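Notes to accompany the following structure.
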Amino acid sequence: MAPSPSATATETATSSATARATSTSTPVVTSVSAFFVRREKVAAAHRTAIGVEVARAAVVALLKGPSEAERVSGLATAVPTGTTLRSLSVSGGVAVVDLSGTFASGGGSLSMSLRLGQLVTTLTQFSGISAVRLWLDGKAATTLGGEGLIVDHPLRRTDVEDSMPAILVDTPGAGSRISSPVRVRGSSDVFEAVSFIQITDAERRVVATKRVMASSGTGTLGIFDVTVSYRTTRQGRGELIVYSLSPKDGKRINLVETPLVVTP
């Protein structure tokens, strides 16, 4: 039986954040991602969390939806307006999140799958969370939507793959300010688990290229976590570009372009 959201549990997703908070009186500022929707797949947007409750901050950011600028750039959300976070607890790698019943209102099967994918990917970006158990209005949810999407168990990323692109970048999120070296984390399901990372600077020059191998691929979701170094002399808008190569003709496929502020 899943623990009640009101049970005592660690609400922060990483022990390192707690350690930093207890070692200094300065508030901890952490870069996190909230996952919205682009072309009917989830996509990350950059947010800042202050304090140690980074998982809670990420969910609150998710429920607020994309900014106006992000909407103009093509980000949307399947989470209904007015959905609120009632409580969040984390125990044994499972986040138990209790949302208002609004989360289950309106929309068809695609919308339900996308909003669930947004929630699961937002929470599982943290190393301390591997699965999400959904509660609504104080009760454990068993189904979601009129077509009865099954949610009666802790949901992992593999359970919401239909809402995920072949390559999903957890961090850095869109709009992040980066400096070298930059950590790039995410998940993928691509041919032979191999993808490529490029960084472009304000002059649209490619300033870094790196070959990346995920933990698995070719039909199985894997994770990647690498550090990429680059050199540039000018601060400005750049991009993180991640892609794989087609096994048929070697062309770029599964392209993910994340706008960033690239600093020297």
Side-chain angles (χ1 to χ4, degrees), residues 5 11-14 17 29-90 94-107 110-137 141 144-145 149 151 154-157 159-165 168-176 185-187 256 258:
E11 291 197 57
T12 182
T14 58
V29 179
T30 306
S31 178
V32 300
S33 293
F35 285 83
F36 300 117
V37 177
R38 187 190 303 276
R39 294 188 289 273
E40 298 186 348
K41 299 290 183 181
V42 297
H46 173 254
R47 294 293 186 268
T48 298
I50 300 176
V52 299
E53 295 182 5
V54 291
R56 174 181 288 274
V59 174
V60 170
L62 165 66
L63 299 183
K64 286 183 178 179
S67 67
E68 184 59 34
E70 289 167 343
R71 290 182 185 275
V72 170
S73 73
L75 283 181
T77 182
V79 178
T81 301
T83 302
T84 58
L85 175 62
R86 291 167 49 90
S87 65
L88 171 66
S89 64
V90 181
V94 177
V96 180
V97 57
D98 187 4
L99 302 177
S100 62
T102 310
F103 183 77
S105 64
L110 175 60
S111 178
M112 293 296 172
S113 295
L114 285 172
R115 71 186 65 171
L116 193 62
Q118 288 180 251
L119 180 66
V120 172
T121 51
T122 294
L123 281 167
T124 56
Q125 71 181 289
F126 303 109
S127 60
I129 299 175
S130 58
V132 178
R133 182 69 174 96
L134 177 65
W135 287 49
L136 296 173
D137 284 338
L144 186 66
L149 190 63
V151 294
L155 300 168
R156 301 176 182 272
R157 284 197 173 188
D159 294 306
V160 296
E161 279 191 79
D162 286 348
S163 67
M164 295 170 58
L168 179 67
V169 177
D170 281 334
T171 186
S176 296
R185 295 187 296 110
S187 54
V256 178
T258 304

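If you're wondering where the values come from, they're calculated on a predicted model, not measured in any experiment. Hydrogens, waters and symmetry mates play no part in the numbers below; they use all other heavy atoms, side chains included. FYI, the numbering just counts along the sequence from 1.
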*Apply side-chain contact (heavy atoms from CB on, under 4.5 Å) to V160 and V42, showing your working.*
CA-CA 10 Å; V160 296; V42 297; over 6 Å; no
Any heavy-atom pair between the side chains of [Y] and [X] that's under 4.5 Å?
| X | Y | value |
| --- | --- | --- |
| L155 | L134 | no |
| S31 | H46 | yes |
| F35 | L119 | no |

*Given V96 and S89, is the side-chain contact (heavy atoms from CB on, under 4.5 Å) satisfied, shown in steps?*
CA-CA 5 Å; V96 180; S89 64; 3.7 Å; yes
Looking only at non-hydrogen atoms, find the nearest pair between [X] and [Y] and report the distance.
| X | Y | result |
| --- | --- | --- |
| P66 | L75 | CG-O, 4.0 Å |
| V90 | G128 | CG1-O, 4.0 Å |
| M164 | S187 | CE-OG, 3.4 Å |
| P154 | D159 | O-OD2, 4.0 Å |
| G173 | S176 | O-OG, 2.7 Å |
| A131 | T124 | N-CG2, 4.1 Å |

Cut-off 3.5 Å, no hydrogens considered: what does the side-chain donor-acceptor table look like for residues 76-86, sequence neighbours left out?
| residue | atom | partner | partner atom | Å |
| --- | --- | --- | --- | --- |
| T77 | OG1 | V79 | N | 3.1 |
| T77 | OG1 | Q118 | NE2 | 3.0 |
| T83 | OG1 | P80 | O | 2.8 |
| T84 | OG1 | S100 | OG | 3.4 |
| R86 | NE | D98 | OD1 | 3.4 |
| R86 | NE | D98 | OD2 | 2.9 |

_Atom CZ of residue position R185 - does it have more than 12 heavy atoms of other residues, nucleotides or ligands inside 6.0 Å?_
yes
*Kindly write out the residues that satisfy side-chain contact (heavy atoms from CB on, under 4.5 Å) with A58, not counting sequence neighbours, or none if the list is empty.*
V32, T122, Q125, F126
*Check side-chain contact (heavy atoms from CB on, under 4.5 Å) between E161 and all other residues, then give those that pass, not counting sequence neighbours.*
T158, D189, L221
*asked:* Restricting to salt bridge (charged side-chain N to carboxylate O under 4.0 Å, His left out), what partner residues turn up for R38, sequence neighbours left out?
replied: none
*Could you list the residues that satisfy salt bridge (charged side-chain N to carboxylate O under 4.0 Å, His left out) with R47, not counting sequence neighbours?*
E70
_Check against side-chain contact (heavy atoms from CB on, under 4.5 Å), R157 and T121_ = CA-CA 7 Å; R157 284 197 173 188; T121 51; 4.1 Å; yes
_Working for side-chain contact (heavy atoms from CB on, under 4.5 Å), residues S163 and L116_ = CA-CA 8 Å; S163 67; L116 193 62; over 6 Å; no
*Output every pair passing salt bridge (charged side-chain N to carboxylate O under 4.0 Å, His left out) with a member in residues 121-132, not counting sequence neighbours, ordered by first then second residue.*
none
_I need the L136 CG to L144 CG distance, nearest 0.5 Å._
7.0 Å
Measure from the side-chain N and O atoms of [X] to the backbone N and O of [Y], and report whether any donor-acceptor pair falls under 3.5 Å.
| X | Y | value |
| --- | --- | --- |
| K41 | D162 | yes |
| R133 | A141 | yes |
| R115 | F103 | yes |

